[in-house]
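Heads up, the thing below is written out as structure tokens.
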Amino acid sequence: MSWDPVYKLVKQIPRGRVITYGALAKALQLRGGARTAGRALAATPSGRGIPWHRVVGERGKLLIPEPYASLQRKLLESEGVKIVEFRVDFAKHGWVPTRRGKPKHRKK
DNA sequence: CATCTGACGACCG
DNA sequence: GCGGTCGCCAGAT
């Protein structure tokens, strides 16, 4: 499966903003929901300028295992995103993908 | 081909 | 709010 659409959307996340796996899955209408979105991020190739650290769990919670969580927190804070106990102030930094050429029929 | 696993999230106690 | 279970699905074994 090609996760290109996922990476493409992640790259569009504005600096200093974050999005959740669920919102990501919903925006792209991924069949498996949030879990599938997480799968896509887990498979994210590094060194491609993909801001994977801007993707967090529901309510802005950092769900990834160490040592990534620490790295993610560091990266987000460097962008001005406030992190509290491995949690992002989602209400303040949450981002909703802008509607554009949105898909009309789910994959598969 | 049968199982297990996991960068999720909704539910329940 | 926290921990355990369940459903989902694609990849790995």
Side-chain angles (χ1 to χ4, degrees):
Chain A
M1 175 175 283
S2 260
W3 302 117
D4 286 4
V6 179
Y7 303 146
K8 191 173 182 179
L9 183 56
V10 172
K11 284 183 188 172
Q12 292 168 50
I13 302 175
R15 185 170 176 293
R17 294 288 187 75
V18 299
I19 189 176
T20 65
Y21 296 94
L24 196 51
K26 187 182 177 186
L28 296 172
Q29 291 189 258
L30 301 180
R31 285 203 295 117
R35 198 93 201 226
T36 299
R39 185 166 285 295
L41 269 297
T44 300
S46 53
R48 304 238 177 225
I50 300 174
W52 58 269
H53 56 278
R54 291 180 187 151
V55 184
V56 301
E58 192 56 16
R59 278 167 50 214
K61 193 169 186 178
L62 305 190
L63 305 173
I64 58 182
E66 295 291 350
Y68 300 105
S70 295
L71 174 60
Q72 178 172 33
R73 182 171 70 172
K74 184 178 179 182
L75 291 171
L76 288 173
E77 292 184 317
S78 69
E79 293 186 348
V81 176
K82 183 178 182 182
I83 308 287
V84 179
E85 292 301 308
F86 284 87
R87 243 181 195 170
V88 176
D89 185 338
F90 194 68
K92 184 178 180 184
H93 301 288
W95 178 70
V96 179
T98 308
R99 307 284 196 167
R100 59 180 80 179
K102 41 91 249 129
K104 29 187 152 59
H105 184 39
R106 50 161 68 182
K107 299 189 167 188
K108 163 65 173 300

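Throughout, a chain's letter reflects where its sequence line sits, starting with A, and its residues are numbered from 1. Just so you know, these numbers use all the heavy atoms, side chains as well, and skip hydrogens, waters and symmetry mates.
- Salt bridge status for A:R54 with A:E79: present, with a side-chain N to carboxylate O gap under 4.0 Å.
- Distance A:I19 CD1 to B:dG9 P: 11 Å, rounded to the nearest Å.
- What separates CG of A:L63 from P of B:dA10 is a distance of 12 Å, to the nearest Å.
- If you take CZ of A:R87 and C1' of B:dC8, they are 15 Å apart, rounded to a whole angstrom.
- Look at CG on A:L62: it is 12 Å from P on B:dC8, rounded to the nearest Å.
- Atom P of nucleotide B:dC11 and atom CD of A:E58 are separated by 11 Å, given to the nearest angstrom.
- Residue contacts shown for A:G22 are limited to sugar-phosphate atoms, with no base heavy atom under 4.0 Å away.
- If you check B:dA7, C:dC9, C:dG1 against the side chain of A:T36, the one that comes closest is C:dC9.
- If you take CD of A:Q29 and P of C:dC8, they are 18 Å apart, rounded to a whole angstrom.
- At least one side-chain heavy atom of A:V88 sits less than 4.5 Å from a side-chain heavy atom of A:L62.
- Crowding of A:E66 atom CD: a count of heavy atoms from other residues, nucleotides or ligands under 6.0 Å exceeding 12.
- We find that CG of A:L41 is positioned 11 Å from P of B:dG9, with the value rounded to whole Å.
- In this structure, A:E66 places its CD atom 13 Å from P of B:dA7, rounding to the nearest Å.
- When all heavy atoms of A:T20 and A:A23 are compared, the pair lying nearest together is OG1-N, 3.0 Å.
- In this structure, A:Y68 places its OH atom where only 12 or fewer heavy-atom neighbours from other residues, nucleotides or ligands lie under 6.0 Å away.
- In the set C:dG1, B:dG9, C:dG11, the nucleotide with an atom closest to the side chain of A:R59 is C:dG1.
- If you check distances only, the side chain of A:Y68 never reaches the base of B:dA7 with a donor-acceptor pair under 3.5 Å.
- Phosphate proximity of C:dG11 to A:R35: absent, as no side-chain N or O sits under 4.0 Å from OP1 or OP2.
- Within 4.0 Å (heavy atoms only), A:A42 reaches at least one base atom of the nucleic acid.
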